[in-house]
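I have placed the structure first, in the form of structure tokens, so that the comments after it can refer back to it.
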Amino acid sequence: AQSVAQPEDQVNVAEGNPLTVKCTYSVSGNPYLFWYVQYPNRGLQFLLKYITGDNLVKGSYGFEAEFNKSQTSFHLKKPSALVSDSALYFCAVRLYNFNKFYFGSGTKLNVKP
Amino acid sequence: EAGVAQSPRYKIIEKRQSVAFWCNPISGHATLYWYQQILGQGPKLLIQFQNNGVVDDSQLPKDRFSAERLKGVDSTLKIQPAKLEDSAVYLCASSPRLAGVSYEQYFGPGTRLTVT
């Protein structure tokens, strides 16, 4: 069975510090990996994706993520956090030739001034 | 381009009543998804359409939930009768096509359902 794990329900960082939101996955084939962000009372908004190629992918709002095949991880990172980054972050995986997405349970990011 | 539209944004009903949600995807997007997001959890796929055909409805509680996309454009999700555990946000998403490897999904704002 395919699954996505976000081991931290909440991450707290101070503004200006680097942030990491963790994601690991378990799939039976080659994964395509995505990060989405959700602000209160809003739908999910696409941040970035890994399909193939360079393991470090860059996305919107200064976010980046590193694909690590050996550790089956796809952690979201940002060098310098902003208060406005505070939101709920979801990792998702889909398989080649299957258009079904599997979402993690979400990580709440709190950035304090 | 216009995003995914959903209505209503909020709905409060009593258990055993019925409710319907509407979704209009991004123009030209062939694939449409309905998700249920319970508080504190990630979205769970309920049903997936490719044009007006159902691709996956394995997690749709078919005894009470139904969905249609008659003309391959907008879609309606219905719950009848509602239970307390149906309280959740119902998200609609669309993507350009089914077989597109790299396509992400575009989400609407969701409908927050409260069943009392």
Side-chain angles (χ1 to χ4, degrees), chain A residues 1-10 21-25 29-54 57 59-60 63 65 67 74 87-108, chain B residues 3-10 21 23-26 29-51 53-60 88-113:
Chain A
Q2 332 300 337
S3 64
V4 179
Q6 293 181 243
E8 302 156 317
D9 291 336
Q10 186 166 301
V21 182
K22 296 179 180 178
C23 172
T24 60
Y25 62 90
N30 291 323
Y32 299 116
L33 297 154
F34 301 79
W35 275 102
Y36 287 84
V37 60
Q38 187 176 35
Y39 298 99
N41 299 317
R42 304 281 295 274
L44 278 69
Q45 182 177 338
F46 170 74
L47 275 181
L48 51 78
K49 62 187 176 187
Y50 171 81
I51 302 300
T52 188
D54 194 348
V57 294
S60 306
F63 284 93
F67 171 63
F74 189 57
L88 193 55
Y89 290 81
F90 289 96
C91 182
V93 63
R94 60 162 287 193
L95 299 178
Y96 180 73
N97 271 344
F98 292 90
N99 214 18
K100 186 171 182 177
F101 285 72
Y102 298 87
F103 285 86
S105 56
T107 298
K108 185 177 181 182
Chain B
V4 177
Q6 289 188 248
S7 67
R9 292 295 312 276
Y10 305 91
F21 312 127
C23 172
N24 191 25
I26 293 172
H29 280 194
T31 309
L32 185 147
Y33 311 77
W34 282 103
Y35 288 89
Q36 180 191 60
Q37 186 181 17
I38 293 174
L39 186 65
Q41 300 180 17
K44 183 186 83 171
L45 179 69
L46 292 175
I47 189 167
Q48 177 181 328
F49 292 94
Q50 173 71 4
N51 297 311
V54 176
V55 175
D56 185 343
D57 64 355
S58 57
Q59 297 193 89
L60 186 74
V89 175
Y90 290 84
L91 296 166
C92 180
S94 69
S95 67
R97 59 188 177 101
L98 177 63
V101 169
S102 64
Y103 290 126
E104 60 269 22
Q105 298 178 326
Y106 298 81
F107 283 83
T111 297
R112 182 177 297 277
L113 174 67

Exercise: identify the closest heavy-atom pair between A:F90 and B:Q37: CZ-NE2, 3.2 Å
Region of A:Q45 in contact with chain B, defined by heavy-atom distances below 4.5 Å: neither
Residue pair A:L44 / B:P43: nearest heavy atoms and the distance that separates them: CD2-CG, 4.0 Å
Heavy atoms from other residues, nucleotides or ligands near NZ of A:K108 exceed 12 (cutoff 6.0 Å): no
Smallest separation among heavy atoms of A:Y36 and B:E104, with atom names: OH-CB, 3.5 Å
Segment of B:Q6 engaging chain A (4.5 angstrom heavy-atom cut-off): neither
Ring centers of B:Y35, A:F103 separated by less than 6.0 Å: yes
Over 12 foreign heavy atoms within 6.0 Å of CZ, B:R9: yes
Chain A contact via B:S58 - which portion, at a heavy-atom distance below 4.5 Å: side chain
